[in-house]
> 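I am attaching a structure below and will ask some questions about it afterwards.
Chain identifiers are assigned alphabetically (A, B, ...) following the order of the sequence lines, protein sequences preceding nucleic acid strands; residue numbering begins at 1 within each chain.
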Amino acid sequence: MTNTALLDASGVAKSFGAVRALTDARLTVAEGEIVALMGANGAGKSTFVKIITGALKPDAGHVLIRGKPAPVGSPAEARRSGLVPVYQEPSLIPDLDVADNLRLTSTPSDPFRHWVSELGITDLALSDMICDLPLATLRILDLARALAAEPDVLLLDEMTAALPTDLVDRVLKTVRGKANDGMGVIYVSHRFTEISDLCDRATVLRDGQTVGDLDIEDGVEDRVVELMLGQKLDLGQRAMARTTFPQGQTPRLRVRTLAAEPKFSDVSFDLYPGEVLGVVALEGQGQDELFDVLAGFEKPSAGRVEVDGKPVSFTHPADAIAAGLTFVPGNRADALLSQRSVKENIALPFSARPANWGPLNRRHERARVGYAIEKLQIDTRAQGEVQRLSGGNQQKVTIGRWLATGVETLLLFDPTRGIDVRTKRQIYPLVRELAEQGAAILFYTSELEEVPLACDRAVVIFNGRVVDVIDGAEADEQTLMRAAYGLTAAEGAA
Amino acid sequence: MSRFLRKHAWVSGLAALLVVLLIVTKLIQPSFGASGLESIARAALPFAFATAGMAVVVIVGGIDLSVASMMAVCAVTAAVLMERMAGIPALMIVLSLGLAMGLINGALIVLTRVPDIVVTLAMLFVWEGAALLILESPGGATADWLEHAIRGSFVFDGLPKALLVIALGIAIIWLPIRRTKLGLSIYATGSDERAAFRSGVAVGRTKIAAYAVCGLFCAMGGLSLAALTGIGEPVPGPYLMASVAAVVLGGVVLGGGKGGLLGPIIAVFILRIIRTILTLLAVDPNVTTIIEGTIMVAVVMLGTAASLRGARR
Amino acid sequence: MSAQNTDTPLTRFGRYLRDNPIIPLLVFLFLMIALLEVLRPGIVMPIRAGRDGLISSFWVGNLIKFAIPLAMLAACQVLTMLTAGIDLSVGVVATVSAFVCATLSAVWGVAPAVFVALAAALAVGVVNGIGVGLVRVHPLIMTLGTGLIATGCLQVYQRLVINAGTHIPEFLAWLGTGRTAGMPNGLIVFVPFALFILWLMRYTGFGRLLFALGSNEHAAKLSGVRAWQVYLALYVLSSLIAALAGLLYLGMIRQTSLSLANPLLLPSVAAAVIGGTSIFGGRGSYAGAIVGALILRVLDTMLTLLQMPEGARTALFGLIILAVTALYVRITGTR
Amino acid sequence: AGGHKSYTIGVSNTVQGNGWREQMICAMRAQALVEGDVNNIIVAHRNTDSAGQLEDINNLIEAGVDAIVLNPSNPDALNSALEQAMAQDIVVVAVDAGVTAEGAYILSNNQEEYAYLGAKWLFEQLGGKGDVVYMRGIAGVSADTDRDNGFKRALEEFPDIKVVHEVFTGWQQDQGKQQMFDFLATGIPFDGVWTSGIDNVIVDVFTESGAPLVPIVGADNAGFVQYLTEVDGLKGAAVTNPGSVGGAGIALAVDILNGEAPDSKTVLVDPVLWENTTDDGVATISAAQNPNLDPEWPVSVTVPGWTDYTMEQIIACEGPGEG
Ligand SMILES: Nc1ncnc2c1ncn2[C@@H]1O[C@H](COP(=O)(O)OP(=O)(O)OP(=O)(O)O)[C@@H](O)[C@H]1O
Ligand SMILES: Nc1ncnc2c1ncn2[C@@H]1O[C@H](COP(=O)(O)OP(=O)(O)OP(=O)(O)O)[C@@H](O)[C@H]1O
Ligand SMILES: [Mg+2]
Ligand SMILES: [Mg+2]
């Protein structure tokens, strides 16, 4: 490792109207170094990444590459200067196929293909349309495209937030390998495990300002969190109080041999009131479609769903909502009215039915919305339009909507995607609290370590089937991981 | 093969519909033949170019309400110039004029950051006024060779010259663009402007280029108007709504990023041939209006329903 | 969190304008009226007018009178544009309702005539709503198509009533041409109407859903909204508004024609977009559209009175629209 | 003559939804019905430009018509199709305005004369001196250009007449009405109004705003003719411009098909002026008036010497092989 700073950004400031996203952000990366860029939701990480890569123009600040001022006026210029980003949202063109997306950025296709398979995607054709591909694959393609451009500095903004565990491992391994070859990496993430595995150094942003620069070593986590939040946070409340279930009770949601060919073929489980049931699955095991079916977006091809003992079938999400099933999707872009205010986003379900098309009950609305904002501590500085919130705060709004409406059965699909530690630690108790108040919760998460923190039990889905049910008490990461890879199933069969 | 059909299902469906309509025409009027085809191709000429121009800007994610007015400007300019000077230079001037008008539209959209529809709505009036200033009332004259270029058949009967003009005009401009990075950028910008920007596309320049191409097609449309009538008329014809309808019928999605030029051009022919059929059947013209509206809506309805079923992935 | 009080007064003022986009529009309107007064002294305030003394025609009253039907049709565009739609059938629907009302009044009497006129509009609205909401045809094509169909039906219908004569209902003529205290009686309909639309957009669940559908239909679906219900109601409402505007226009022009209100279509779109409504949905303001309609009417007057070739007049009309919106975008920073 | 022939006649028209043109079409149908030799009439009637009219004419040729009667959008623009039609022995008759195609018959209202007649009456009414408002049709359209020539001719004869406002109404009632309101509001005085057919709404503007009426020239539209007899203090003149000239066109086409072609290829139907300032004039107007007619329709529903249908037939608006 040499001491030349590959990239040196300093004094960067940026305001969006009244919101000062960055005031004095600094960052350096040396050759072969992986620097974590950390900060709470809304600290300004993404804004910083966008400025370094030319997607946004800063109000002030310099970017030096190898000690010289670099032209980064636009993403194309930054790319030529050797700075290649993977933004938090997929930046591939939805209506073009993979090959055309490569041509657009003049990315050679052979190295691209190499990286795609290296990163664990095997079934990709260059003629696939981007809009037909799942989110996780898009993230991988974005990364493979960036790697194929042979960047000097790679910037990854919450690259792994939407990835299942197996792909995360591949990504970390690959990035480490490239860093060993001398590439500099800026790595934005809220996941401490990844950061301590991967990074050499952490730069911490708080309220738009760089407040610290630490080497990664044992026990650095507490220090980082302290810097991030400006206060100490009690970490690691692992085991939760568990309720026991009266066995004779009718389940809130009973799913029997449910199938939506070819995505999943045999899913059965019971979800009781007061229970949080985890769903453990690797990418593409049919969990997306399972949630879609339960939420009324898709029709099952076979099987039965009962709510409180009565069979139901949904032709529209409104039917599911009427039956008490509410859904927080994984992709927040699907759930948000990006140009509307936080209030309107949260209050949307209030006026869904024609009976409620009349005058708004504004007092009720204000109270409910206020309750949700407070519960989730949504940063509403930029509340006029949800798209101006930081990604994490947008995610909170999608959950807040059902918190305000009141829940019977909540289908949470990866709700902690891109949410900072503090908020995560607020979300698990919140989920538990809802359950204790009688809600039934189905909880899929791509971060396995969350399962024991929030769930009473977990069903394991592999290859479109429920292969195992694990009790929360025994659900350590190791067990879950083996189950997710279908290993327990194999043993069971043997 | 099935992949090809699925990807091009809409265009294939339209082409099949066109063939069916041609057969129907032949059944209604057994004497319908080469001259009938020729007159349909000629009638389609200005619509085809207006539609091609519109399709390009719709693909880039915009819309151009000023196509008919730009065509009027080009038609009167052609008629005025050709009365005074040689045909070829006049032709070149008209084509560059169209290009320039398109550039102005695009530049105004990018520079003022006013939405496309507003800018082109305003420019609709500006170009219309310009046409009236160039030629106060219908007049001028076009070169004879221009008229002959679109009349009659090429090599053998049944291949109308007008059809060839449409095919060549569009192929010469669009195919090279489609193959270069500009074409890709046009689709990318229409599909997702932010992602395109982040992929290094010069979004502003791409939009301006798309509008310029639209202007160029409008110049061809204006030239075909002049060639058809032999004069220049300063009043815009009914090409705006017709081109929007053909573009949507042709499978280009309003909002951008999807579709091509072939579908819209086939749609133009379908709309023209429907009018021929209705005339041959001596349908009451008031009812004709009703039928045209119904067919337009019905085709899109059927197509939407079919594609919704197909899209259950 | 971040300090707000360090902003300069100028940026604060800019933000105030952005939050109240109606203000720059009003400023434009008054600037244009002032310009008109400079060009033609006495037109706005008829201190001295006419060779034969004071003319009772009070220009401001006329301006408002002619802006009312336009502003009503602009409401149709604002509401549909909120959902990323558009209603290109409103001009025809207004014409149909006016024509049907005038001809049937002479045959069956006023009440049935008005009823049939509204029923015709309702039919168009239902077809639009079904097409857009259930079959998912693009609104532009759908309403263009129903507009064509309605025009054809009107033509067929008019052949049946060529010798029926026409009758303009008195109350419509009173609304359309009468004045009270210098202001047109049409305001008696329009003020409650405008308040209703403003209220509908801001303070009702239905209004919320319009914004929601235009912003992200998938998100609305996720929240349990059955979009087709909203579209159906929306396009029916739009057609009924258009019919109402047509009836008022009939009273104003006191003459039937097969294309009476058709020329209002493009200006109604223009009024909506000048007023800050986005055709891509999710953003719009009816107050802005009303001011937009007034701006267009002032512009009409200005150009009518300027002595210049028709071509220059038309071109100037376009340029001014462009300049107004460009300035507006610059000042408010929205688009 | 023959009596048992069976002709198919094609009609092409490019303006829809305007009372005058609708009357023209109805007159064509009615006349075709009463001509025993016509057993089919194909009408292409829509809003379009010259290129669209070329398309319609070509379609009519494809449909195998024996004669084409058209209201041309432009005298020069249609030659290619018309020449092709005549090459196939199809009789071509242009009504309302002329065409320059060699061999086509023209039976048209004399638009230049129309404007000249009305303007001259107006200027005389003002004693040869005063300010007038000149309300035209659509800029760039042939009929408007012809009328402008006539108006200018009259203007030259009266050097003391000044045009204070010139404007295009687009032949739209609402636009004309708003423009007149604006003229009144400017306070610039004027003594008379010449309109290109948007007439009764102009009278309304004066009565609604309480402004003193000035002499107004319009067309013989049912609504305006009625005003000439009813509105107190209105001095005005209606210049005839019968839409029924279309019926005459059909009659001419059938005559030609039957071998009774007239000597001259061009027949101009000259307009007549009806004014309400003399007793004779009032009597003419009262006779012509028809309050039941669509107010946009010209009251002169027949062209004497040419058309044979009855009032009921033109109002029924049905041709042979239709309905
Ligand atoms: N276009 C914009 N307009 C207004 N405010 C914005 C805009 N973009 C970002 N912001 C604000 O800037 C601040 C920083 O946002 P940024 O996206 O950089 O945060 P982040 O650190 O990436 O957060 P997260 O961890 O949630 O992704 C936030 O308060 C956000 O609301
Ligand atoms: N090219 C651009 N021009 C204008 N605004 C932009 C541009 N790119 C991004 N923005 C705005 O910046 C804001 C933040 O961008 P984005 O949506 O990427 O969120 P983000 O902060 O990256 O999200 P996260 O916090 O999840 O990382 C958004 O409001 C977006 O509209
Ligand atoms: Mg971020
Ligand atoms: Mg962010």
> Output, in order, the C-alpha distance, side-chain angles, deciding distance and verdict of side chain to side chain contact (heavy atoms under 4.5 Å, CB included) for D:S80 and B:R151.
CA-CA 9 Å; D:S80 63; B:R151 299 198 63 176; 3.3 Å; yes
> Side chain from CB out, backbone as N, CA, C, O: work out which of these in D:L60 comes under 4.5 Å of a heavy atom of chain B, or both, or neither.
both
> How long is the gap from CG on B:N286 to CZ on D:R46, to the nearest 0.5 Å?
13.5 Å
> Which bit of B:R275 is near chain D, if near means a heavy-atom gap under 4.5 Å: side chain, backbone, both or neither?
both
> Check the pair B:R272 / D:E55 against salt bridge (charged side-chain N to carboxylate O under 4.0 Å, His left out), numbers first and verdict last.
CA-CA 9 Å; B:R272 282 0 290 157; D:E55 176 185 6; 3.0 Å; yes
> Roughly how far, to the nearest 0.5 Å, is the CG atom of D:N59 from the CZ atom of B:F32?
8.5 Å
> If the contact rule is any heavy atom under 4.5 Å from chain D, which residues of residues 128-136 of chain B qualify, in numerical order?
B:L132, B:E136
> Kindly compute the distance separating OG1 (B:T229) from CG (D:D49), expressed to the nearest 0.5 Å.
8.5 Å
> Name all pairs fulfilling the disulfide (SG to SG under 2.5 Å) condition that reach into residues 13-110 of chain D, sequence neighbours left out, sorted by first residue then second.
D:C26-D:C317
> In this structure, which one of D:I61, D:L54, D:N58, D:I57 forms a side chain to side chain contact (heavy atoms under 4.5 Å, CB included) with B:S39?
D:N58
> What part of B:T279 gets closer than 4.5 Å to chain D, counting heavy atoms only: side chain, backbone, both or neither?
both
> Can you tell me if B:Q29 uses its side chain to pair, donor with acceptor, with the backbone of D:E62 under 3.5 Å?
yes
> Relative to chain B, which segment of D:Q84 carries a heavy atom at a distance below 4.5 Å: side chain, backbone, both, or neither?
side chain
> Just give me the residue among B:G139, B:S31, B:S35 that pairs up with chain D most often, heavy atom to heavy atom, under 4.5 Å.
B:S35
> Of the backbone (N, CA, C, O) and the side chain (C-beta and beyond), which part of B:L228 lies under 4.5 Å from a heavy atom of chain D, both, or neither?
both
> Looking at B:G33, B:P138, B:G230, B:G237, which one has more heavy-atom pairs under 4.5 Å with chain D than the rest?
B:P138
> Would you name the heavy atoms of B:P285 and D:Q16 that are closest together and state the gap between them?
O-NE2, 4.4 Å
> Checking side chain to side chain contact (heavy atoms under 4.5 Å, CB included) between B:P238 and each of D:N47, D:T14, D:T48, which is the one that passes?
D:T48
> Given heavy-atom pairs under 4.5 angstrom as the criterion, report whether the side chain, backbone, both or neither of D:T145 touches chain B.
side chain
> Around atom CD of D:E102, are there more than 12 heavy atoms from other residues, nucleotides or ligands closer than 6.0 Å?
no
> Side chain, backbone, both or neither: which part of D:N74 has a non-hydrogen atom closer than 4.5 Å to chain B?
side chain
> Can B:E233 and D:D76 be said to form a side chain to side chain contact (heavy atoms under 4.5 Å, CB included), step by step?
CA-CA 11 Å; B:E233 281 182 307; D:D76 305 307; over 6 Å; no
